[in-house]
Protein chains: 2
Amino acid sequence: MTTDPYSSSLQGVASQRVADILAGRILSGELPPGARIKQDELADELATSRIPVRDALRMLEARGLVVIRANAGARVMTLTRRDLEVSYEIRERIEPLLLADSVPHLTGEDLADLRKVMERNQGATDVEEAMALEREFHWITYRRHSTPLLAQIVERIWDTTQSYRRDYRKLAMGHTMTGAGRTHDVEHQLLYDAVAKKEVETAQAALVLHIRRTRAELARHSGVLANPGSGARNEAG
Amino acid sequence: MTTDPYSSSLQGVASQRVADILAGRILSGELPPGARIKQDELADELATSRIPVRDALRMLEARGLVVIRANAGARVMTLTRRDLEVSYEIRERIEPLLLADSVPHLTGEDLADLRKVMERNQGATDVEEAMALEREFHWITYRRHSTPLLAQIVERIWDTTQSYRRDYRKLAMGHTMTGAGRTHDVEHQLLYDAVAKKEVETAQAALVLHIRRTRAELARHSGVLANPGSGARNEAG
DNA sequence: CTATGCGCGATCGTATACCACCTGATGGAT
DNA sequence: ATCCATCAGGTGGTATACGATCGCGCATAG
């Protein structure tokens, strides 16, 4: 039970329940990018009718987790290498905004939580655990934001890129465990220190560094990761 | 007719048709922020059942145009002053990315279109016309992008802020028609010149200036515009 | 052997009817 | 005057049915 920064409450509403379950499966990698999602099948499995399933799919489309094509079904969102690259460029530019909005209002307890997660992360060896902790770490720094709009955009990007980050981590774990892993930890430490001291601009710089280096790392390895990039300029019907 | 980066055609699909109509009403201001949307009513009016209407509402929720609360109905998205401010800060940071991605690939015809729209805009006095031309102008500069993800985010922000921009323009038209209006035109000219010369960084700078100044202008007048801002830090169930 | 077109099945989209539940408002009791 | 209970409107969900559309395999032509 990780403290997922997303997870909406509302248990009684079937569509929300379906959406949560589906989102979990996508974010956990159980449903990989490109996987087809059949409405009947899912409705049957979750003991509900197709309407909540359809509603859930629309909700997930809103979050960028699935893509729906009329009469052709829903599939888990796929990103091209370029999309992934762009996602990081966007993060680099807007997450500092979210951070600056939150940091001044973080409490002592928030900082304690942050430190705890950071330290647990430094000892983590399991990919799933590391991903969850990484996510939690950053979202604690964003915890006291007052800009849901911005947070939603950021979260959406985290969600849509999650599967690809996982693929990378699994790949990287084999041969860079000590090198890249350590750098990652150092960056977290830098970010934590700046956040704890409420040095907003330093924290922003640390965050940008962190995101940019991760992007570069990911780009370096993206050759082996799948994806038939369509180098098309805009779309035309 | 703005160059919508997605806008699926598909006329046969009722839900898409409903979504398009609803989006039009919201963007035109016919349905102002906060307006309630009743499913039965809309279904009846458009001679369809509630299912396509629900689907359409979910689609519009995905675009950030409406907000759906379980059992409490759908309403046109409302932004607080803070949301509006943040929207502009986001635009300031990510639209230059989109611009840089597109400008190098703009054709001579694109530039001709751009110039045409700019000149028509300089003579426009009608608020609706000016808004449409403003939108078209910028989207022509983005026309040759290859990053639908980024374009989608940008378009979403344009959509959700449209009603508020309209309110401002209507307000400003009365007493700043010559002052602010001229500045606006000059900025467009600066952007156009840089784009035409394919000076990407200059164009980006001009764009940032344009967005930032618009934001400042809007903030200055936002006092009179509605909105009961909830100064709450994050949400808590 | 490859390419083109056809047709059928699997799914999706939509319609209808009905019940269950939530929300907001109305009105009465303290 | 404030608070709580009740009630209608409206949405969420279920069940069922049927037309429309897309993918894919198969037959046929080159």
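Every chain is numbered from 1 and lettered A, B, ... according to where its sequence line falls, protein lines coming before strand lines. All values below were derived from every heavy atom in this structure, side-chain atoms included, with hydrogens, water molecules and symmetry-related copies excluded.
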Checklist line | Electrostatic pair B:R82:A:D101 at N-O distance under 4.0 angstrom | finding: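 Yes, B:R82 and A:D101 are salt-bridged.
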Check: Should the pair B:R91-B:E85 be classified as a salt bridge under the 4.0 Å nitrogen-to-oxygen rule?
Finding: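 No.
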Checklist line | A:R50 side chain reached by A:D40 side chain, heavy atoms, under 4.5 Å | finding: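 Sidechains of A:R50 and A:D40: in contact.
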Does [X] put a side-chain nitrogen or oxygen below 4.0 Å from OP1 or OP2 of [N]?
X     : N      : result
A:R50 : C:dT11 : no
A:R54 : C:dC12 : no
A:S15 : D:dG12 : no

Can you check the [X] [atom1] to [N] [atom2] distance for me, whole Å?
X     : N      : atom1 : atom2 : value
B:N71 : D:dC7  : CG    : P     : 20 Å
B:R75 : C:dT23 : CZ    : P     : 13 Å
B:E41 : D:dT11 : CD    : P     : 9 Å
B:Q39 : C:dT16 : CD    : C1'   : 15 Å
B:D55 : D:dG12 : CG    : P     : 12 Å
A:I51 : D:dA15 : CD1   : P     : 10 Å
A:M59 : D:dG12 : CE    : C1'   : 10 Å
B:R58 : C:dG13 : CZ    : P     : 15 Å

Next item on the list: Using the test side-chain contact (heavy atoms from CB on, under 4.5 Å), find all partners of B:T214 that sit at least two apart in sequence or belong to another chain.
Entry: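 In terms of side-chain contact (heavy atoms from CB on, under 4.5 Å), with neighbours along the sequence ignored, B:T214 is linked to B:Y88, B:H184, B:H210.
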Note to self: Assuming nearest nucleotide by heavy-atom distance, tell me which of A:A72 and A:A47 is located more 5' along DNA chain D.
What the structure shows: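 Its nearest nucleotide being more 5', the pick is A:A47.
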Notebook entry, point to check: Which one, C:dT14, D:dG13, C:dG13, comes nearest to the side chain of B:T48?
Noted result: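 Of the options given, the side chain of B:T48 lies nearest C:dT14.
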Check: What nucleic acid atoms does B:R69 come within less than 4.0 Å of, heavy atoms only: base, sugar-phosphate, or nothing?
Finding: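 Sugar-phosphate contact only.
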Margin query: What's A:I37 touching, base or sugar-phosphate or nothing? Going by heavy atoms closer than 4.0 Å.
Written below: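 Sugar-phosphate, backbone atoms only, no base.
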Notebook entry, point to check: For the residue pair A:H138 and A:Y142, does the interplanar ring angle fall in the parallel (under 30°), tilted (30 to 60°) or perpendicular (over 60°) class?
Noted result: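 Aromatic pair A:H138/A:Y142 classed tilted.
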